[in-house]
Structures are given as C-alpha cells and as structure tokens.
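The figures here come from the full heavy-atom set of this structure, side chains too, leaving out hydrogens, waters and symmetry mates.
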Amino acid sequence: VAVKPCTSIYETGKSDWLIGVYPNPHQEELTVELKSAAQAILMDYTGRVLKQEELVSGKNTMKMDHHVSGIYFLRLVSETNSITLKLVKE
C-alpha cells in the first residue's frame, strides 16, 4: 500500500481494478475511483455495516456527512476481487 500524505490511499499490486480512495482523512465526501463496478460496504470499527452502495466504473462519490468522526472500514467487492480499506472521518 502506498499512502499519499493525508490525502489518499492507493492499493498497489493486489487490486488492479481499484484506482483510488480519497481524501483520507475525509470530512463530508469520499471519492472512490474504480476500473470496474463494485459493491461498497461501509463499516464502523466494530464491523457493524452502516451503508451498502453499488459503485460504477469510474469516479464515485459517497456522502459521509451524517457519520461521526472516527475510524471506519470500506470493503470493496467486485466480481473477482475484494479489499478492505481503513478510513478516517474528521
């Protein structure tokens, strides 16, 4: 995983379908860029599912303004891959 200073997370090697998730930390919106469609599952630090959303290939925006500050996990699941990312909400 290569981390750009407080702005994004980019996965290298494992998932060629994930372009990027940014900004991280975030406040009101989170952008997820994908090369293929995927399901997004947002979980709190206990693993409780807070939101599920279908994402399309390209740039997707997820509204995060109704969640409190803290640590979250975003699981992205495509037809052939899955990855879980740690997110920080300010």
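For residues 40-52, the set of pairs meeting the salt bridge (Lys or Arg N to Asp or Glu O under 4.0 Å) definition, not counting sequence neighbours, comprises D44-R48, K51-E53. Screening residues 28-53 for ring pair (Phe, Tyr, Trp, His ring centres under 6.0 Å), with sequence neighbours left out, gives no hits.
In terms of the side chain to side chain contact (heavy atoms under 4.5 Å, CB included) criterion, residue partners of K35 (sequence neighbours excluded) are, by chain and number, I19. Partners of H67 under the ring pair (Phe, Tyr, Trp, His ring centres under 6.0 Å) rule, at least two apart in sequence or in another chain, are Y72. Under the side chain to side chain contact (heavy atoms under 4.5 Å, CB included) criterion, E90 pairs with P25, Q27, not counting sequence neighbours. Shown here are the side chain to side chain contact (heavy atoms under 4.5 Å, CB included) partners of S69, two or more places apart in sequence or in another chain: there are none.
Look at E29 and K63 and you find a salt bridge, because one of the NZ, NE, NH1 or NH2 atoms lies within 4.0 Å of a carboxylate O, short of that distance.
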Item to check | Evaluation steps, side chain to side chain contact (heavy atoms under 4.5 Å, CB included), between L42 and V49 | outcome: CA-CA 6 Å; L42 182 68; V49 174; over 6 Å; no
Item to check | L74 and K86: CA distance, side-chain angles, deciding distance, side chain to side chain contact (heavy atoms under 4.5 Å, CB included) verdict | outcome: CA-CA 6 Å; L74 180 64; K86 179 180 174 183; over 6 Å; no
Checklist entry - Passes side chain to side chain contact (heavy atoms under 4.5 Å, CB included), I83 versus R75? Steps please. => result CA-CA 6 Å; I83 188 169; R75 182 155 182 80; over 6 Å; no
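Residues V32 and L76 are in side-chain contact: their nearest non-hydrogen atoms beyond the backbone lie under 4.5 Å apart. Annotation: side chain of L30 is not in contact with side chain of T61 (no heavy-atom distance under 4.5 Å). Inter-residue side-chain proximity for M64 and H26 is flagged as met; some heavy-atom pair is nearer than 4.5 Å. At a threshold of 4.5 Å between non-hydrogen side-chain atoms, the residues M43 and L50 do not count as touching.
V88 and N24 make their closest contact through N-OD1, 2.9 Å (heavy atoms, listed as atom of the first residue, atom of the second, distance).
Separating the CG atom in L18 from the CG atom in L34 is a distance of 6.0 Å, to the nearest 0.5 Å. Here the CD-OG distance, from Q39 to S82, works out to 11.0 Å after rounding to the nearest 0.5 Å.
Under the 3.5 Å distance criterion, the side-chain polar atoms of N60 are left unmatched by any main-chain donor or acceptor of E54. Without hydrogens or angle criteria, N81 side chain to V77 main chain gives no donor-acceptor distance under 3.5 Å.
Under the 4.5 Å side-chain heavy-atom criterion for ILVMFWY residues, no single connected hydrophobic cluster contains both V68 and F73. Hydrophobic clustering places I41 together with I71 (ILVMFWY residues linked when any side-chain heavy atoms are closer than 4.5 Å, directly or through intermediates).
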